[in-house]
Amino acid sequence: MDLMQMDKTYVANTYARFPVELVSGKGSKVYDNNGKEYIDMGSGIAVTSFGIADDAWRQAVIDQTGKLQHMSNLYYTAPCAELAKLLCEKTGMRKVFFGNSGAEANECAIKVARKYAAEHKGNDCFTVVTLKNSFHGRTLTTLAATGQEHYHELFQPLTPGFAHVTAGDMDELKALCASVKVAAVMVECVQGEGGVIPLSADYAKDLNAFVKENDLLLIVDEVQTGNGRSGQLYAYMALGLEPDIVSTAKGLAGGLPLGACLLGEKVENVLGFGDHGSTFGGNPVCCAAALSILSRIDDALLASVREKSAFLFDAFTGAAGIESVSGLGLMIGLKTVRPAGDVVRECMARGVLCLTAKDKVRLLPALNIPMEDLAKAVEIIKSVCAG
Ligand SMILES: *Cc1c(COP(=O)(O)O)cnc(C)c1O
């Protein structure tokens with residue numbers, strides 16, 4: 001049985017995979033089982049922040065696996081504490097809960113918001129408002145948070161206590177808050193799965209003021225936008241949002257599973273012993289990997305992310321077959337004349353791995369992608385879009 005047949009037979013049918021087997025890589029290059037080379041413009045959906053098999057990241061992982069690959073959260077381990085300290089120092093947040101994924105980071109954020117609201121505003125205050133077209137994860141609760149009906153249909157009943165409002169429409173949010181007791185508002189700074197759509201700066205400013213005036217918690221989902229992807233350490237920093245809770249995951253550990261829920265001053269002590277937990281959360285290997293990544297996301301790297309972003313906006317804006325360019329940092333959406341799926345398939349045939357998001361072509365290259373690889377990928381993408 002060949003590999004694709006084996007996978008189709010034994011792996012649950014949840015992914016429409018491309019007919020290609022990837023076996024290795026280095027930096028922003030990946031290779032399939034025939035030795036064909038691809039430029040990676042997807043980073044495993046914003047995960048491999050410093051590319052494939054990055055040397056410093058690998059050394060950190062190898063060193064930690066030689067010491068302690070896992071220990072129960074009943075004991076102290078250094079990588080977990082050091083990573084939490086670094087995250088707090090870099091953001092001004094106060095405490096961190098570690099899980100294994102974006103959905104889990106959001107589950108924690110929602111639990112914290114529920115408990116805070118129950119304690120400060122009463123048991124009938126629990127609604128978390130999110131935006132239409134958002135994406136917050138695949139668990140039943142984060143699906144309920146996700147503002148896209150088509151994800152909900154087959155899985156009723158979902159966790160109650162969520163409402164969805166239109167991004168950019170403050171009046172709709174105000175009307176909702178006047179009729180329902182709201183605990184928190186949760187937003188993505190750039191809707192990733194929703195089509196790489198940034199929140200407008202005006203809306204972010206009004207939202208920030210509104211949640212403050214009304215003593216609502218602000219949760220920012222930085223699962224995709226976080227950890228340097230936006231050209232800031234976290235995208236909320238560019239928008240001037242002042243979140244009480246920040247969830248992140250994807251790029252945090254550069255390719256190992258790690259989610260983090262960052263808790264600000266207001267909510268730092270909401271969780272007590274036994275309120276939440278995760279067997280693998282704060283795993284020493286994942287945290288050592290994240291320390292290697294996070295400690296290198298400095299001002300120089302962020303400046304280079306913004307430069308590469310400007311290069312991409314410049315290259316694609318007005319190009320043949322490209323109707324519009326959206327996004328922030330190295331999170332780019334292209335509205336193409338040709339169907340996005342066709343563009344991605346042809347780019348792959350020509351040696352460039354791209355993603356889609358709704359009807360857009362989505363690009364999420366490694367933060368340190370060499371300019372040479374980036375320029376070459378751009379030429380191929382432009383030529384496919386024009387064709
Ligand atoms: C990917 C994503 C999630 C879900 O993360 P998982 O690690 O797949 O659970 C949640 N929110 C946003 C914004 C995402 O992009």
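As the structure lists them, so they are numbered: ligands from 1, and atoms in each ligand from 1.
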Atom indices of ligand 1, in the order listed, that fall short of 4.0 Å to a heavy atom of [X]:
X: N106; answer: 10 (C), 11 (N)
X: H136; answer: 10 (C), 11 (N)
X: Q224; answer: 15 (O)
X: D221; answer: 10 (C), 11 (N), 12 (C), 13 (C)
X: S101; answer: 7 (O), 9 (O)

Any nitrogen or oxygen of [X], side chain or backbone, less than 3.5 Å from one on ligand 1?
X: A249; answer: no
X: E188; answer: no
X: K250; answer: yes

Is ligand 1 under 4.0 Å from a heavy atom in the side chain of I45, in the backbone, in both, or in neither?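 I45 to ligand 1: no contact under 4.0 Å from either part.
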
Per-residue contact class, R138 against ligand 1 - non-hydrogen pairs under 4.0 Å: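 Under 4.0 Å from ligand 1, R138 contributes no heavy atoms.
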
Could I get the full list of ring pair (Phe, Tyr, Trp, His ring centres under 6.0 Å) partners for F316, not counting sequence neighbours?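 F316 satisfies ring pair (Phe, Tyr, Trp, His ring centres under 6.0 Å) with no residue once adjacent residues are dropped.
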
What pairs with Y116 under ring pair (Phe, Tyr, Trp, His ring centres under 6.0 Å), at least two apart in sequence or on another chain?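 Only H120 meet the ring pair (Phe, Tyr, Trp, His ring centres under 6.0 Å) criterion with Y116.
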
Hey, is CG on N123 packed in by over 12 heavy atoms from elsewhere, all under 6.0 Å?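 No, CG of N123 has 12 or fewer neighbouring heavy atoms, counting only those of other groups under 6.0 Å.
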
Can the positive tip of R345 be found less than 6.0 Å from the middle of the six-membered ring of F18, inside 45° of the ring normal?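 The answer is no; the distance or angle limit is not met.
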
Please check if the distance between the ring centroids of Y151 and F135 is under 6.0 Å.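 Yes: the rings meet the under 6.0 Å criterion.
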
Using the rule salt bridge (Lys or Arg N to Asp or Glu O under 4.0 Å), only one of E172, E149, E188 pairs with K132; which is it?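 The passing option is E172.
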
With salt bridge (Lys or Arg N to Asp or Glu O under 4.0 Å) as the test, would you mind laying out the steps for K26 and D55 before giving the verdict? CA-CA 9 Å; K26 187 71 192 166; D55 289 330; 2.8 Å; yes

If you have a sec, work out which protein heavy atom is nearest atom 9 (O) of ligand 1 and how many Å separate them, to one decimal?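 That would be A103 N, 2.8 Å.
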
What protein heavy atom sits nearest atom 6 (P) of ligand 1, and how far off is it?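 Result for atom 6 (P) of ligand 1: G102 N, 3.5 Å.
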
Salt bridge K29-D40, side-chain N to carboxylate O under 4.0 Å: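 Salt bridge absent between K29 and D40.
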
